[in-house]
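Below: the structure, in structure tokens.
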Amino acid sequence: MSHAASAVGAGASAPAPVTILLVEDDEVIRRSVAMALERYGYHVIVAGDGLTGLELFREGRHDLLLLDVMLPGLDGIGLCRRIRETGTDPILMMSARGDALDVVSGLEAGADDYVVKPVDTAVLVARIRSLLRRTTFTPAAAATGGRADQAGSPGRLDQSDQPGQSGQSGQSGQSGQSGQSGQAHQHARLVFGELAIDTGGLEVFLSGEPVALAPTELRLLLEFAANPGIVLDRQTLLRNVWDYGWDGDTRVVDLCVQRLRKKIGAERIETVRGFGYKLRR
């Protein structure tokens, strides 16, 4: 669970520093990456192998995990899978080769994004900031797929969450609507068949059972829910979900969709060949 937004001490105005767990077996790279991130104000905890990294993950709270693919004992792919068994912390993988198999394996294991080593510090920090933004969006923004400037709430609202539905009319109904509309907008429960999304609590349910989603999976689902029945191409999803201001690797979209389908049902997200994906109403 992220604690980047928590304050240091009672009444303190400064946020706690973002904590990153860096798991890298190469000592030179581990030290250089840690020092570079610390210069940007991050608090970095390091491990030199996968098993130590798993132990540190279980012992503490971290805002983001930065994992190398090639690790002794337990490799980065296996570590990512173990973390995803119990945690939804954002994960950024580092691949020395950018090999397609490494990339696909890491994303299939549950990583949110990847970078290829050697990576420029500015690029790494940009990816980290982008990934952290995906985990700290507000319920108001979630109701519109992460874009708080849009008006209206997509999908079908659960009747229990709609204002002014008590059967009363006149002034009392109007006051209820005006006094509750903002709150209901932020706490809308969007329903798509057996799939329900609580945009206020940022919770997802399938047939009444809670569904655990990683931050990027949740952000992707909210983007689809903001545009039900509308085909979204991969570049649009990269821009709105992954926060890429440049052309990114569309494989991250395909593999995140694949993971999301396994959790909410393969039939819920439809592939439109040659164009992209859409959420079925």
- Exercise: identify the closest heavy-atom pair between D26 and I29: OD1-N, 3.1 Å
- Any donor-acceptor N/O pair, D233 side chain to T236 backbone, under 3.5 Å: yes
- Item | L64 side chain near Y42 side chain, heavy-atom distance below 4.5 Å | no
- Query: Do the side chain of R129 and the main chain of L132 share a donor and acceptor less than 3.5 angstrom apart?
  - Reply: no
- D68 (side chain) donor-acceptor with V23 (main chain) under 3.5 angstrom: no
- When you look at L92 and L67, which way does the side chain to side chain contact (heavy atoms under 4.5 Å, CB included) test go after all the steps? CA-CA 6 Å; L92 182 62; L67 312 180; over 6 Å; no
- Message: I need the L202 CG to I197 CD1 distance, nearest 0.5 Å.
- Response: 10.5 Å
- Message: Assess whether a salt bridge exists between E108 and R259, defined as any Lys/Arg side-chain N lying under 4.0 Å from an Asp/Glu carboxylate O.
- Response: no
- Task: Please list, chain by chain and in numerical order, all residues satisfying side-chain contact (heavy atoms from CB on, under 4.5 Å) with E203, sequence neighbours excluded.
- Result: D198, F205
- Query: Within the side chain of E209, is there an N or O that forms a donor-acceptor pair under 3.5 Å with the backbone of L206?
  - Reply: no
- Message: Using 30° and 60° as the class boundaries, would you call the ring planes of F224 and Y277 parallel, tilted or perpendicular?
- Response: perpendicular
- Message: Given 3.5 Å as the limit, does a donor-acceptor pair link the side chain of R281 with the main chain of G229, or not?
- Response: no
- Message: If the condition is salt bridge (charged side-chain N to carboxylate O under 4.0 Å, His left out), which residues does D254 pass it with, not counting sequence neighbours?
- Response: R234
- Task: Take D63 and I20 through the side chain to side chain contact (heavy atoms under 4.5 Å, CB included) test and state the conclusion after the steps.
- Result: CA-CA 6 Å; D63 297 292; I20 296 176; 5.9 Å; no
- Query: Hey, are the side chains of L21 and L66 touching, using non-hydrogen atoms and a 4.5 Å cut-off?
  - Reply: no
- Could you tell me whether the side chain of L131 reaches within less than 4.5 Å of the side chain of T216, counting heavy atoms only? yes
- Message: Can you tell me how far apart CG (L195) and CD (E267) are? Round to the nearest 0.5 Å.
- Response: 9.5 Å
- Please check if M35 and V33 belong to a single hydrophobic cluster, counting links between Ile, Leu, Val, Met, Phe, Trp and Tyr side chain heavy atoms closer than 4.5 Å. no
- Note on the structure: T88 and L213 have their tightest heavy-atom pair at CG2-O, 3.4 Å
- Item | Shared hydrophobic cluster for F275 and V241 (ILVMFWY, side-chain gaps under 4.5 Å) | no
- Task: Locate the shortest heavy-atom distance separating L79 from G50; write the atom from each residue and the value.
- Result: CD1-O, 3.7 Å
- Looking only at heavy atoms, which two atoms of L220 and C256 are closest? And how far apart? CD2-SG, 3.8 Å
- Message: Determine whether a donor-acceptor pair (N or O, by modelled atom type, separation under 3.5 Å) exists between the side chain of R189 and the backbone of A196.
- Response: no
- Message: Under the rule for side-chain hydrogen bond (donor to acceptor under 3.5 Å, both in side chains), what residues qualify as partners of E24, not counting sequence neighbours?
- Response: K117
- Task: Go through the steps to decide whether Q235 and T250 satisfy the test side chain to side chain contact (heavy atoms under 4.5 Å, CB included), and finish with yes or no.
- Result: CA-CA 7 Å; Q235 292 300 331; T250 58; 3.6 Å; yes
- Item | Spatial distance of atom CG (L65) from atom SG (C80) [nearest 0.5 Å] | 8.5 Å
- Note on the structure: By side-chain contact (heavy atoms from CB on, under 4.5 Å), P72 pairs with (sequence neighbours left out) D25, D49
- Message: I'd like to know if the side chain of R268 reaches the main chain of F192, judged simply by a donor and an acceptor atom lying under 3.5 Å from each other, with no hydrogens or angles considered.
- Response: yes
- Query: Any side-chain heavy-atom pair from E223 and L237 closer than 4.5 angstrom?
  - Reply: yes
- Query: Can you check whether L37 reaches T121 side chain to side chain, under 4.5 Å on heavy atoms?
  - Reply: no
- Query: Is there a side chain to side chain contact (heavy atoms under 4.5 Å, CB included) between R261 and T271 once you walk through the steps?
  - Reply: CA-CA 11 Å; R261 280 172 166 163; T271 299; 2.6 Å; yes
- Task: Of all the heavy-atom pairs spanning L218 and V204, show the shortest one and how long it is.
- Result: CD1-CG2, 3.9 Å
- side-chain contact (heavy atoms from CB on, under 4.5 Å) involving E270 - partner list, sequence neighbours excluded: K278, R280
- Sorted by chain and number, sequence neighbours left out, side-chain contact (heavy atoms from CB on, under 4.5 Å) with E27 holds for R30, R31
- Heavy-atom pair of closest approach, residues Y40 and A122: OH-CA, 4.4 Å
